[in-house]
Amino acid sequence: MGSVSGVPSSVASGSASASTEQLVQPLLADAVDVARAALLDAGETGVGAYLGVAAEDDCAATHRFAAELPGYRGWQWAVVVAAAPGSDRVTVSELALLPGPDALVAPRWVPWNERIRPGDLGPGDLLAPPAGDPRLVPGYVATGDPEIDDTALEIGFGRTQVMSLEGRVEAAQRWYDGDYGPDSEMAKAAPSTCRLCGFYLPLAGSLRAAFGVCGNEFAADGHVVHSAYGCGAHSDTTLPTGAGSPVHEAYDDSAVEVVALPPAGASAEAHVPEASAETGSGSAENTESAENTESAENTESAENAESADDTAAAAPPEQTD
């Protein structure tokens, strides 16, 4: 597969306007078969439908063909043809496989030292500033910050490098635009600003005029905040009238009737005699019923016997021969 260096962006984009195609010399525009034959002669496969031509200059043009190759969806074959002024012959300059506007391509390569983002540094990681970092200057160079310059003048006690004016400006802009700047949603809804807050600890040096550190553990504790930033935990914050839990009338427990209940054991014993009485009553009733039945049976038997005797006496004596 061939490679091309310096192929114009119009080829990679895969788009050519009608006005651009009109500027192509007819000799170059008609060289479609020449461009396709160049790809096939080079042993390239997957040469698909013709997509169009775009002029590179007065003597060159690029023909594009769809690439029908596995894994190269949206890519295009590009063939650059050329013809000298007044010539009737077309020659092939170069050919390449390039991504089209809908091609799936890898993201732009970023050097490793440019991939680091805020928050990437972890415990044990080492990150050295780049050579010639504009944010740093030697400690003996005047920076314009009185606090830094006075310290650097103390021989043996100054730092080898201090923050330059450019570095301080970048830091200030970053803090201003961050979550603790005056344009944040929290600051817009705050009743006051950090400049008037008792928890605001101003920075030293030239940044003192606009920045400080929050010392309120319930707010932006430990963060650098802009003096115009604010939050609801301001030291002068007062609760509105009527805030808190609603007031309810006291509960009068003397209005409740207290009833003393007997112990659980005493209640069970109270039911036992009653049950026994009911059982005895039932036994007496059964005995009385039995006696009445027996008396009725004896009376009936006596009556039957007396009736039988009377019948025998009334009957005539049996005659015999």
Side-chain angles (χ1 to χ4, degrees), residues 1-122 125-136 166-167 170 173-174 177:
M1 183 182 299
S3 62
V4 176
S5 60
V7 175
S9 59
S10 61
V11 179
S13 63
S15 62
S17 62
S19 59
T20 303
E21 293 183 1
Q22 293 176 358
L23 298 177
V24 179
Q25 295 185 21
L27 180 64
L28 298 175
D30 295 339
V32 178
D33 294 337
V34 175
R36 183 183 294 273
L39 290 171
L40 298 177
D41 292 344
E44 307 295 354
T45 58
V47 181
Y50 179 67
L51 299 179
V53 61
E56 300 299 338
D57 54 31
D58 295 338
C59 301
T62 300
H63 292 273
R64 294 173 289 108
F65 302 87
E68 299 178 352
L69 298 173
Y72 286 87
R73 181 181 61 84
W75 287 60
Q76 302 173 358
W77 287 110
V79 181
V80 180
V81 295
S87 174
D88 57 354
R89 294 179 60 254
V90 174
T91 59
V92 176
S93 299
E94 50 190 355
L95 54 90
L97 180 63
L98 300 176
D102 299 328
L104 179 63
V105 296
R108 184 182 65 86
W109 184 81
V110 179
W112 70 268
N113 58 333
E114 299 179 11
R115 302 175 191 175
I116 301 174
R117 294 292 179 266
D120 291 347
L121 193 66
D125 293 342
L126 300 178
L127 180 62
D133 192 337
R135 301 171 300 172
L136 298 173
E166 182 179 354
E170 289 181 1
Q173 187 64 47
R174 188 169 59 250
D177 298 334

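As the structure is a prediction and not an experimental result, all values here were calculated from the model.
- Applying the side chain to side chain contact (heavy atoms under 4.5 Å, CB included) rule to Ala66 yields the partners Leu51; only residues at least two apart in sequence or on another chain are considered.
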Could you give the side-chain donor-acceptor pairs of residues 98-111 under 3.5 Å, partners two or more places apart or in another chain?
none

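- Taking CG of Asp58 as the reference point, atom CD of Gln25 lies at 6.5 Å (rounded to 0.5 Å).
- Across all non-hydrogen atoms, the minimal contact from Leu28 to Ala82 is CD2-C, 3.7 Å.
- Remark: Arg115 CZ is packed, more than 12 non-hydrogen atoms of other residues, nucleotides or ligands lying under 6.0 Å away.
- Using a 4.5 Å cut-off on side-chain heavy atoms (C-beta onward), Val79 and Val81 make contact.
- The closest donor-acceptor contact from the side chain of Arg73 to the backbone of Pro70 lies at 3.5 Å or more, if one exists at all.
- Of all the heavy atoms in Val24 and Ala61, the pair that sits closest is CG1-CB, 3.9 Å.
- A heavy-atom distance below 4.5 Å is found between the side chains of Thr45 and Leu69.
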Worked verdict on Val92 versus Val34 for side chain to side chain contact (heavy atoms under 4.5 Å, CB included): CA-CA 8 Å; Val92 176; Val34 175; 4.0 Å; yes
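- Without hydrogens or angle criteria, Asp177 side chain to Arg174 main chain gives no donor-acceptor distance under 3.5 Å.
- Looking at heavy atoms from C-beta onward, Leu95 lies in side-chain contact with Leu39 at the 4.5 angstrom threshold.
- At least one side-chain heavy atom of Arg135 sits under 4.5 Å from a side-chain heavy atom of Glu170.
- Phe65 approaches Ala35 most closely through the heavy-atom pair CE1-CB, 3.8 Å.
- Considering all non-hydrogen atoms of both residues, Leu27 and Ala83 come closest at CD2-CB, 3.8 Å.
- With rounding to the nearest 0.5 angstrom, the CD atom of Glu94 is 7.5 Å from the OG1 atom of Thr62.
- For the pair Glu44 and Trp77, the minimum side-chain heavy-atom distance is below 4.5 Å.
- For the pair Arg36/Tyr50, a side-chain contact is recorded, criterion being any heavy-atom separation below 4.5 Å from C-beta on.
- No side-chain heavy atom of Arg64 sits under 4.5 Å from any side-chain heavy atom of Val53.
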